[in-house]
Q: 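Structure below; questions to follow.
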2 protein chains.
Amino acid sequence: MSRPAGVSRQTVTRAVNDMPGINPGTRDRVLAAARELNYHPSRFGRGLVKPSARTLGLLVGDLTNPYYADLAATVLRLAATRGWNVVMAEPGSVADLVGAADAVVGFTGLALEPPGAGAPNLPVVEIDPPRAHPAHGRIEFERRAATREAVRHLLERGTRRPLVLDLPGGSPRAAAFVDAFAEAGVHADVVDRDAGWVDLAPRAPDALVAFNDLGGFRLLRDLAAHDVGVPQQVRVVGVDGLALGEFVTPRLSTLAIDLAEVARAALDLVVQLAQGSAGGSPEDPVRVVPHRFLARGST
Amino acid sequence: MSRPAGVSRQTVTRAVNDMPGINPGTRDRVLAAARELNYHPSRFGRGLVKPSARTLGLLVGDLTNPYYADLAATVLRLAATRGWNVVMAEPGSVADLVGAADAVVGFTGLALEPPGAGAPNLPVVEIDPPRAHPAHGRIEFERRAATREAVRHLLERGTRRPLVLDLPGGSPRAAAFVDAFAEAGVHADVVDRDAGWVDLAPRAPDALVAFNDLGGFRLLRDLAAHDVGVPQQVRVVGVDGLALGEFVTPRLSTLAIDLAEVARAALDLVVQLAQGSAGGSPEDPVRVVPHRFLARGST
DNA sequence: CTGAAAGCGCTTACAG
DNA sequence: CTGAAAGCGCTTACAG
């Protein structure tokens, strides 16, 4: 680049970075050459030599799901506030992301391989992980209390034959519902999370616990199509607390998690880990965020 | 790092990168020291010396809006396929993003300052930009045809007093609706995009064109709260084509854009610009993506 | 106002 | 199996 423009490297630096102490004519000539050659400075060369924004890797599921999108929105905003950039990836491409980030936050439970593989000691904060990793921080969800509240709410309204929709492998959220019903002496069957009303009707349920809000929306639509009254005949509960639950008919009751709080906690923790002094691990790299039950029209 | 471990730099490289030709004992010792010192290799040092994934900057509005989230989801997936990383930012923080990316795609119309400021010749593709920028590629939306179709649909169903909700500054989408109504000899008033039914009712409209789908959802909810029949008393049209329009009651008719196609076109274009040979600009750095009208329950 | 030297932290040959 | 040398593309002092 400096060759064709007929100037030295550092003159290029001065022109491209709009620094003082350069002849305007020279600068214009250099910029013209830069444009001509489609030159732009290497992020790596620059990053090596001057302090630059750190980059946070954010690992989320399909952004089409507002649950992940809402979390990402808050993380983006908070990261910008702290002067961090954010690289995002969906689960498949974790390894690359690790090479591109200074720290990682996200739903590592979705990933195919363990996070941090190939890059030792990258600070990692896992959100709602299936199991604790000794070297990672984590954000844990506390569902028991809110689940009990939801169950009490359903029982007070006459629920006796609830059905809990769940992943094939089983999940903590479904287990929590089954347990809470059992505590009250009511048995809750578990069925596949993608089941439709044609599958469910034979069991004559009077309440459905969806796997998440998106599943709840799907059920509401399916029930409406079959002229099943909600909440009169069947009550429906979602999980996640999506803002969109306010827009469906009837509005979806749900076990909500405050994603802004999750994002804030995760960022605090990962920054703490990233800036932690050598050898010293923070006292307890865990934050707990509680769900809360939002009773709306569908129950 | 190599000092405390008692080995040379390149032995550290071999250990950390899991390369062959290193004594297992040495490797373990180095890795232990790395963990102890909270060391991890500089992205910049490495990036300077070995070919690494390029990084795409993605500039979108609030991810809380499924419109942006859906676009981001597709961009993420497509970028991963091509081996690009993706840094995301919302409008305020464009400048930083430019320093962190090798190319930029997004809704630059949302940005406060022009994209590319401070970094000459960064390839940029703008989506639905307010005005053309000579050096940038762009994805243009073609709304006229679908807008005419939506208007014809409304007129056939008896619409005579339509209201178009718009930004304070005015927007192409609203203008297209007003024009299409005018062509058919029907006058459409423009009102603020945040207007509620209490503001609108005095004008006795029989159709409402929301600013976007989110606005449409809001209107549906507002109308339901006031016991206004949709579509019997008032018809409602949104813009964007969000999948969630299928879940509200009634389902929202909308001017849909295929965001997957937008993402694909934008990525093709930006990659082409990024890899373009010096001095040679592609024939025509513009792609046009048409809207199409989706008639659903709300009209 | 402009350029020659040094160094950022890594990896890739090349020697031992 | 391990290390000394060279160089990736930049910027920051320092000379002229």
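Proteins get letters first, then strands, A, B, ... in listed order; numbering begins at 1 in each.
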Q: Check this one for me: any side-chain N or O of A/T13 less than 4.0 Å away from OP1 or OP2 of D/dT11?
A: yes

Q: Taking B/D240 for its side chain and B/A256 for its backbone only, find out whether a donor-acceptor pair lies under 3.5 Å.
A: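 Not confirmed, B/D240 side chain does not pair with B/A256 backbone.
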
Q: Taking only N and O in the side chain of B/T11, is any of them less than 4.0 Å away from OP1 or OP2 of D/dT2?
A: no

Q: Go through C/dC8, C/dC10, D/dT2 for me and flag the one nearest to the B/R14 side chain.
A: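 Nearest listed nucleotide: D/dT2.
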
Q: Specify the separation, in whole Å, of atom CZ of B/R9 and atom P of C/dG7.
A: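 That distance rounds to 15 Å.
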
Q: Take B/K50 and A/L48, find for each the nucleotide of DNA chain C with the closest heavy atom, and name the residue whose nucleotide sits nearer the 5' end.
A: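 Nearest nucleotide further toward 5': that of A/L48.
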
Q: Heavy atoms from C-beta onward define the side chain here; which of D/dC10, C/dC10, C/dC1 lies closest to that of A/Y39?
A: D/dC10

Q: Is it true that A/N23 and A/R14 share a donor-acceptor pair across their side chains at a distance under 3.5 Å?
A: no

Q: Taking atom CZ of B/R27 as the centre, does the number of heavy atoms from other residues, nucleotides or ligands within less than 6.0 Å exceed 12?
A: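 Counting neighbours around CZ of B/R27, more than 12 heavy atoms of other residues, nucleotides or ligands fall under 6.0 Å, so yes.
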
Q: Check the distance between C/dC10's C1' and A/R43's CZ and give it to me in whole angstrom.
A: 16 Å

Q: Can you tell whether the side chains of A/D268 and A/R82 come within less than 4.0 Å, N to carboxylate O?
A: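 Counted as a salt bridge, because a side-chain N and a carboxylate O are separated by less than 4.0 Å.
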
Q: In terms of side-chain heavy atoms of A/R46, which of D/dC10, D/dG3, C/dG3 is nearest?
A: D/dC10

Q: Could you check how far CE of B/M19 sits from P of D/dG3, rounded to whole Å?
A: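 Rounded to the whole Å, the gap is 15 Å.
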
Q: Could you state the NE2-P distance from A/H40 to D/dT11, rounded to the nearest angstrom?
A: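 Between P of D/dT11 and NE2 of A/H40: 12 Å.
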
Q: When you look at CZ of A/R292, are more than 12 heavy atoms from neighbouring residues, nucleotides or ligands closer to it than 6.0 Å?
A: no

Q: Can you work out whether A/G21 or B/G45 has the more 5'-proximal nearest nucleotide on DNA chain C?
A: A/G21

Q: Calculate the interatomic distance between B/D102 atom CG and D/dG9 atom P; express it in whole Å.
A: 14 Å

Q: Rounding to an integer number of Å, can you tell me how far B/F44 CZ sits from C/dG9 P?
A: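 After rounding, the reported distance stands at 12 Å.
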
Q: Hey, which sits more toward the 5' end of DNA chain D by its nearest nucleotide, A/Q10 or B/N23?
A: B/N23

Q: So what's C/dT2 paired with, Watson-Crick or G-U wobble, going by both distances under 3.5 Å?
A: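 For C/dT2, the partner nucleotide comes out as D/dA15, under the 3.5 Å rule.
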
Q: On the nucleotide D/dC8, are OP1 or OP2 found under 4.0 Å from the side-chain N or O atoms that A/S42 carries?
A: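 A/S42 to D/dC8 OP1/OP2: no side-chain N or O under 4.0 Å.
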
Q: Taking only the side-chain heavy atoms of B/S8 (C-beta and beyond), determine which of D/dT2, D/dG3, D/dG9 contains the nearest atom.
A: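 Within the option list, the nearest is D/dG3.
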
Q: Measure the distance from CG on A/D18 to C1' on D/dT11 and round it to the nearest whole Å.
A: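 Computing the A/D18:CG to D/dT11:C1' distance gives 16 Å.
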
